[in-house]
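Structure first, commentary second.
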Amino acid sequence: MSGHHHHGHDHGHHHHHGDPANHGRAFAIAITLNAIFVAVEFGYGFVANSTALMADAGHNLSDVLGLMLAWGAAILAKRAPSRRFTYGLRSSSMLAALFNGMLLMGACGAILWEAVLQLIHPVPVHGATVSVVAAIGIAVNGISAWLFMAGSKDDLNIRGAYLHLAADAAISLGVLVSGLVVMATGWIRLDPLVSIAIVVMIVLGTWSLLKESLRMMMAAVPANVDSRKVEQFLRGRAGVTDVHDLHIWSMSTTETALTAHLVMPDGYPGDAAMDDIARDLRQEFAIHHSTLQTERGTTDHACCLTQEQAGHDHDHDHDHEHEHGHEEHDHGHRGHGHAHHH
């Protein structure tokens, strides 16, 4: 490699709105409120013979678990890198966001099952008790969700917690309305129907969280980064004639990393020029950790990942043509360092 490696780091100087450290108090309050509410709701649901309330208590319990998961991940994300975990434990926040989405989907499945059973075998419901408990639920979940609202825009982990709580507030609202209508009309099938409608809403809301956290786990370019613009930006730097091996991925739910090879025929431009590139990547594209390698372009470099792929494709074609007896095939292939002549 004709290379200098340059690292642009940003550890702790760049304030992020979704900074999980700011949410310690929010997590503590929300977990305490929700844990107390789960016990109250399950008790009253049992007394009032409302499967909707008991199912909701079960769902709220998944909330408490989801919040603890998100809080744990937020704390782990702050851990300093070690020899074993050279990025620290930042990616735990992506795992928590993924689990939170899966937990929410599981809870939705349980509520749906309960609701269908209740539609088939309706049970008389104590509307007044249900309504009062649901009203408390709206307050508990509403306050808890509000605590996370600000951070939910920038941090997928916090957004998972926020969505979970907001979904619960919506469920409680639905239960409250159905409780009041059941009191007024005696139409007990409304209770499960409302549950089903809310489940559909939550699934639609959670889908993007699941999709985004899965993409993060698969090291996709984050949704807020346009890789084409990043490549154009790097190609536009003084002295750069080509860019390859460009990789952009999420280190955590709030931080992005980049590696790239810059072909610079005139040689390494100096640390100051490289520091400027790292700073611009941070400011313009929110890429917090960039590693740039410079090359003179005197040898033929290509990303080993694309070479391997080309190699597999070529071997496949090669075998395929052998089967069909084609002999007019002249292919020099760099990926495997040899050429075939037929």
Side-chain angles (χ1 to χ4, degrees), residues 10-35 37 59-79 87-108 140-171 201-218 220-225 249-257 282 286-289:
D10 179 36
H11 296 304
H13 310 300
H14 178 74
H15 176 69
H16 211 286
H17 304 298
D19 190 352
N22 305 339
H23 293 104
R25 207 178 48 155
F27 276 120
I29 295 168
I31 288 170
T32 308
L33 281 176
N34 277 277
F37 180 60
H59 177 219
N60 276 319
L61 185 60
S62 85
D63 245 28
V64 175
L65 295 175
L67 283 170
M68 289 168 127
L69 201 69
W71 194 11
I75 292 166
L76 286 176
K78 288 280 155 213
R79 287 276 292 274
Y87 277 123
L89 298 173
R90 289 171 155 70
S91 54
S92 57
S93 58
M94 302 189 287
L95 266 177
L98 181 63
F99 277 138
N100 227 324
M102 288 162 70
L103 211 57
L104 202 47
M105 287 293 193
C108 283
V140 167
N141 290 306
I143 291 166
S144 302
W146 174 74
L147 291 171
F148 293 105
M149 200 158 91
S152 68
K153 294 176 193 67
D154 298 302
D155 186 343
L156 196 68
N157 183 32
I158 300 297
R159 193 166 105 212
Y162 168 71
L163 269 179
H164 218 135
L165 293 161
D168 271 20
I171 288 178
M201 270 165 44
I202 296 168
V203 168
L204 292 175
T206 311
W207 196 247
S208 68
L209 172 76
L210 260 179
K211 201 166 67 177
E212 208 172 318
S213 50
L214 258 175
R215 278 182 180 159
M216 278 186 169
M217 293 306 299
M218 304 295 281
V221 176
N224 62 334
V225 178
W249 72 99
S250 298
M251 286 191 295
S252 74
T253 47
T254 56
E255 296 163 302
T256 304
R282 191 160 61 240
I287 291 168
H288 308 81
H289 186 308

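Worth knowing before you read on, the calculation uses all heavy atoms, side chains too, and leaves out hydrogens, waters and symmetry mates. In what follows, residues are counted from 1 in the order of the sequence shown.
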- Thr253 and its side chain to side chain contact (heavy atoms under 4.5 Å, CB included) partner, picked from Arg90, Arg159, Glu212, Met94: Met94
- Item | Spatial distance of atom CG (Asn157) from atom CG (Leu209) [nearest 0.5 Å] | 9.5 Å
- Item | Validation row: Thr206, Met105 side chains within 4.5 angstrom (heavy atoms) | yes
- Message: Please find the pair of heavy atoms, one from Thr256 and one from Met251, that lie closest to each other, and give the distance.
- Response: O-CE, 4.0 Å
- Tell me, please, which residues at least two apart from Leu95 pass side chain to side chain contact (heavy atoms under 4.5 Å, CB included). Phe99, Met217
- Query: For Trp249, does the CH2 atom sit with more than 12 other heavy atoms under 6.0 Å from it, leaving out its own atoms?
  - Reply: yes
- Nearest atoms (heavy-atom pairs only) where His288 meets Thr254: CE1-O, 3.2 Å
- Is Met68 atom CE crowded by more than 12 heavy atoms from other residues, nucleotides or ligands, each under 6.0 Å away? no
- Query: Any side-chain heavy atom of Asp168 sitting closer than 4.5 Å to one from Phe37?
  - Reply: no
- Task: Could you grab the distance from atom OG of Ser213 to atom CG of Asn100, nearest 0.5 Å is fine?
- Result: 9.0 Å
- Note on the structure: When every non-hydrogen atom of Leu147 is compared with those of Ala30, the smallest separation belongs to CD1-N, 4.4 Å
- Message: If only side-chain N and O atoms count, and only distance matters, is there a donor-acceptor pair under 3.5 Å linking Asp155 with Ser93?
- Response: no
- Task: Nearest 0.5 Å please: distance from the CG atom of Leu163 over to the CD1 atom of Ile158.
- Result: 12.0 Å
- Message: Whether the side chain of His289 engages the backbone of Ile287 through a donor-acceptor N/O pair (distance < 3.5 Å, no angle test) should be reported.
- Response: no
- Working to the nearest 0.5 Å, report the span between CG of Asn141 and CG of Leu33. 9.0 Å
- Closest heavy-atom pair, Ala169 versus Gly142, reported as atoms and distance to 0.1 Å, is CB-N, 4.1 Å
- Task: Please name the pair of heavy atoms, one in Ala77 and one in Ser92, separated by the smallest distance, quoted to 0.1 Å.
- Result: N-OG, 4.0 Å
- Message: When you compare the side chain of Asn34 with that of Leu165, does any pair of heavy atoms fall below 4.5 Å?
- Response: yes
- Going from CG on Leu69 to NE2 on His164, what distance comes out if it is rounded to the nearest 0.5 angstrom? 10.0 Å
- Message: Below 30° counts as parallel, above 60° as perpendicular, anything between as tilted: where do the rings of Phe27 and Trp71 land?
- Response: parallel
- Message: As an exercise, state the distance from OG of Ser252 to CG of Leu89, rounded to the nearest 0.5 Å.
- Response: 11.5 Å
